[in-house]
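Please read through the structure below; I'll follow up with questions.
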Amino acid sequence: MDKPLSPTSIKDALQSVAPIGAIQVQGWIRTRRDSKDFSFIELNDGSSLRNLQIVAKNTLPNYAAVQRLSTGASITVTGALVASQGKGQKWELVADNIDIVGTADDSYPLQKKGHTPEFLREIAHLRPRSNLFSSIFRARSRLAFAVHQFFQERGFGYVHTPIITGSDCEGAGELFRVSTMDIKNPPQKNGEIDFAQDFFARPTYLTVSGQLEAEAFALALSKVYTFGPTFRAENSNTSRHASEFWMIEPEIAFCDLNGNMDLAEEFVKYLIADAREHCPEEMELFARFVDRELLSRLDFVMERPFQRITYTDAVDLLKKSGVKFEFPADYGLNLQSEHERWLTEKHFKCPVTVFDFPKEIKPFYMRVNDDGKTVAAIDLLVPGIGEIVGGSQREERLEMLEANMQRHNMDPADYKWYLDLRRYGTVPHSGFGLGFERMLMFITGISNIRDVIPFARTPGSAEF
RNA sequence: UCCAGCGUAGCUCAGUGGUAGAGCGGUCGGCUGUUAACCGAUUGGUCGUAGGUUCGAAUCCUACCGCUGGAGCCA
């Protein structure tokens with residue numbers, strides 16, 4: 001008796017170098033066309049952007065049922081992989097048997113025609129079956145792998161920093177509270193909510209950054225990175241913000257700001273190169289249907305060094321540009337979106353790393369420069385997205401760090417463990433945070449962050 | 001959160017005070033080694049929700065909800 005066939009992915013079937021006498025594929029019908037004596041089925045299993053053409057002859061015992069199959073139905077097909085007689089594909093599968101696994105009636109929302117991303121966002125559970133979104137999420141998967149590959153190849157350790165945290169990483173936005181207390185009747189003491197009776201016996205939150213914990217591990221394993229979910233309760237309603245997103249945060253001991261900038265630049269270029277190499281069909285689709293200039297822009301970014309400029313020089317450039325900005329640039333103020341866009345899109349026309357910002361507009365942990373006015377911070381700006389990386393050399397001098405905390409009205413007692421890192425064997429160290437989704441947007445050309453997240457969480461929206 | 005725009009058929013949209021429309025999709029028929037096939041017919045609506053103005057509202061007004069773009073915050 002023959003051994004049962006094990007399924008072949010459509011990706012592998014399409015890459016076959018020779019005909020195969022007996023093969024099994026499984027997937028979902030994208031479209032079906034009737035011919036005189038047979039029916040053509042376009043089958044997709046998500047392994048590839050491309051479909052496999054199934055030829056279903058009218059001699060199949062269930063041919064009548066096959067002719068009723070519509071877009072969205074799932075089938076298992078066995079048959080022979082043969083050279084296609086038609087144009088447009090090298091191989092096709094002549095079916096010996098078609099098992100109808102699951103039908104889909106005419107209420108199936110995905111039509112053969114193109115759909116807008118906005119409509120597909122409303123059916124987030126079905127949109128990965130579309131060409132655009134299956135491509136986006138294959139690219140997302142590949143690039144998540146590339147993140148690990150980049151750091152592992154360079155001797156970085158992967159640290160799982162906590163998702164539930166007791167520390168409010170100062171200045172990183174609003175927090176989601178984590179609690180098991182009865183919200184209708186929380187335990188109270190002296191008229192206030194008594195967090196000592198909560199699950200962790202203290203107020204706790206979903207993390208906004210793993211940086212502080214990553215620093216502890218950098219000062220032990222020398223080079224580390226985190227890659228995990230991050231949560232911000234900011235009421236931000238833009239195409240670049242989500243309440244839940246993934247962030248990559250490398251942290252390196254014995255590393256100054258220049259080393260930090262080098263790493264960030266190398267990392268961004270590595271991810272672009274990886275997508276170009278390993279997702280060629282997906283990138284081609286993005287270039288054709290999302291952003292016509294995508295590939296030339298990415299190649300340009302990969303080939304050229306990023307522009308580096310101090311905050312002070314950037315402000316001077318903006319002032320001398322002669323451009324009338326809605327908000328004029330001035331020393332001591334944050335760069336506005338329009339300023340960042342002018343720098344990357346109009347002036348330098350490439351990614352720009354701005355560094356050495358006034359200490360007043362940056363968080364307490366950044367290292368104060370010798371001028372006493374600026375801190376060793378970097379913002380990496382890319383065309384079309386804006387800030388994609390934010391980082392700094394960390395303040396490793398205990399007295400300076402304590403002084404910074406006082407200037408930011410923080411109680412050093414709340415950060416005893418963090419200060420210990422400076423008390424015992426402190427070293428210069430640096431790191432940055434890169435928003436994974438913003439990187440995906442830059443690489444795929446997709447302009448809304450909700451479209452690079454499988455099930456996006458944004459203010460007022462947590463369906464699915 | 002602020003500013004602007006938009007919510008009409010399953011989808012994309014037209015309709016700006018007087019009988020609710022088109023293309024695509026779906027369905028039926030025809031043709032066909034087809035390729036987002038083609039040809040013909042047909043189906044399809046609480047005009048976002050709730051009030052208001054008017055003889056009459058998809059159309060004008062108010063509020064709310066949702067979406068999109070921009071701003072702020074940031075990754």
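Protein chains get the first letters and strands the later ones, always in sequence-line order, with residue 1 at the start of each.
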Round to a whole Å and report the spacing from CG of A/Leu175 to P of B/C74.
->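 Between P of B/C74 and CG of A/Leu175: 14 Å.
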For atom C1', what is the distance between B/C3 and B/G44, given to the nearest Å?
->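 My reading of the C1' atoms in B/C3 and B/G44 gives 39 Å.
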Taking only distance into account, with no hydrogens and no angle test, what donor-acceptor pairs under 3.5 Å do side-chain atoms of residues 255-272 of chain A form with protein atoms, sequence neighbours excluded?
residue  : atom : partner  : partner atom : Å
A/Asp256 : OD1  : A/Asn258 : N            : 3.1
A/Asp256 : OD1  : A/Gly259 : N            : 3.0
A/Asn260 : ND2  : A/Ser392 : O            : 3.3
A/Asn260 : ND2  : A/Gly431 : O            : 3.0
A/Asp262 : OD1  : A/Arg308 : NH1          : 3.0
A/Asp262 : OD1  : A/Arg308 : NH2          : 2.8
A/Glu265 : OE1  : A/Arg308 : NH2          : 3.2
A/Glu265 : OE2  : A/Lys269 : NZ           : 2.9
A/Glu265 : OE2  : A/Phe306 : N            : 3.0
A/Glu266 : OE2  : A/Arg154 : NE           : 3.1
A/Glu266 : OE2  : A/Arg154 : NH2          : 2.9
A/Lys269 : NZ   : A/Arg304 : O            : 2.8
A/Tyr270 : OH   : A/Gln149 : NE2          : 3.0
A/Tyr270 : OH   : A/Glu153 : OE1          : 3.3
A/Tyr270 : OH   : A/Glu153 : OE2          : 3.4

Whole-angstrom distance between B/U34 and B/U49, as gauged at atom C1' |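 One C1' to the other, the span is 47 Å.
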Are the aromatic ring centres of A/Phe156 and A/Phe217 under 6.0 angstrom apart?
->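 For A/Phe156 and A/Phe217, the ring centres are not under 6.0 Å apart.
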Starting from P on B/C73, measure out to NZ on A/Lys362 and report it in whole angstrom.
->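 Nearest whole value for this atom pair: 11 Å.
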May I ask which nucleotide in the shown strands pairs with B/G40, Watson-Crick or G-U wobble, both distances under 3.5 Å?
->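 Paired with B/C28.
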Is B/U1 paired to anything, Watson-Crick or G-U wobble with both distances less than 3.5 Å, and if yes, which nucleotide?
->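 Paired with B/U1, as far as the under-3.5 Å criterion goes, is B/A71.
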5' to 3', nucleotides 4-12 of chain B under a 4.0 Å protein heavy-atom cut-off (B base, S sugar-phosphate only, - none) gives ------BSS
Once you round it to whole Å, what is the distance between C1' of B/A37 and CD of A/Gln53?
->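 Atom-to-atom, A/Gln53 to B/A37, this comes out as 12 Å.
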Spacing of A/Lys90 atom NZ relative to B/U35 atom C1', expressed in whole Å |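 Computing the A/Lys90:NZ to B/U35:C1' distance gives 19 Å.
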Measure from the ring center of A/Tyr331 to the ring center of A/Tyr311 and say whether it is less than 6.0 Å.
->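 Yes, ring centres under 6.0 Å apart.
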Sorted by number, the residues of residues 238-252 of chain A with heavy-atom contact under 4.0 Å to RNA chain B |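 Contacts with RNA chain B under 4.0 Å: A/Thr238, A/Ser239, A/Arg240, A/His241, A/Ala242, A/Phe245, A/Met247.
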Considering only side-chain heavy atoms of A/Arg438, which listed nucleotide, B/G33, B/A75, B/A71, is closest?
->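 Shortest atom-to-atom distance from the side chain points to B/A75.
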Partners of A/Arg292 by salt bridge (charged side-chain N to carboxylate O under 4.0 Å, His left out), sequence neighbours excluded?
->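 Residues passing salt bridge (charged side-chain N to carboxylate O under 4.0 Å, His left out) with A/Arg292: none at all.
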Toward the 5' end of RNA chain B, by each residue's nearest nucleotide, A/Ser461 or A/Phe38 =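 Taking each residue's closest nucleotide, the earlier one in sequence belongs to A/Phe38.
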Do A/Phe455 and A/His125 have their ring centres less than 6.0 Å from each other?
->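 No, they do not, as the ring centres are separated by 6.0 Å or more.
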If you measure from the Lys or Arg side-chain nitrogens to the Asp or Glu carboxylate oxygens, is any gap between A/Glu251 and A/Arg394 under 4.0 Å?
->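 Result for this pair is yes, salt bridge flagged.
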Test of ring centre spacing under 6.0 Å for A/Phe436 and A/Phe227 =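 Distance test on ring centres: under 6.0 Å, yes.
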Looking at the rings of A/Tyr158 and A/His160, which for Trp means the six-membered one, are their centres under 6.0 Å apart?
->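 So the answer is yes for these two rings.
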Could you tell me which nucleotide pairs with B/C60 by Watson-Crick or G-U wobble geometry, both distances under 3.5 Å, or answer none if nothing does?
->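 Looking at the geometry, B/C60 pairs with B/G52.
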For A/Ser9, enumerate each residue passing the side-chain hydrogen bond (donor to acceptor under 3.5 Å, both in side chains) test, keeping only those at least two apart in sequence or located in another chain.
->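 Only A/Asp12 meet the side-chain hydrogen bond (donor to acceptor under 3.5 Å, both in side chains) criterion with A/Ser9.
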Rounded off to whole Å, could you give me the CD-to-P distance for the A/Glu338 and B/A71 pair?
->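 Going from CD in A/Glu338 over to P in B/A71 covers 8 Å.
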Can you check whether A/Phe40 and A/Phe38 have ring centres sitting under 6.0 Å from each other?
->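 For A/Phe40 and A/Phe38, the ring centres are under 6.0 Å apart.
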Any residue of residues 73-89 of chain A with a heavy atom less than 4.0 Å from an atom of RNA chain B |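 The answer is A/Ser84, A/Gln85, A/Gly86, A/Lys87, A/Gln89.
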Does B/C6 have a Watson-Crick or wobble partner in any strand here, with both distances under 3.5 angstrom, and which is it?
->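 Its partner is B/G66.
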Does B/C11 pair with anything, Watson-Crick or G-U wobble, both distances under 3.5 Å, and if so, with which nucleotide?
->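 Its partner is B/G23.
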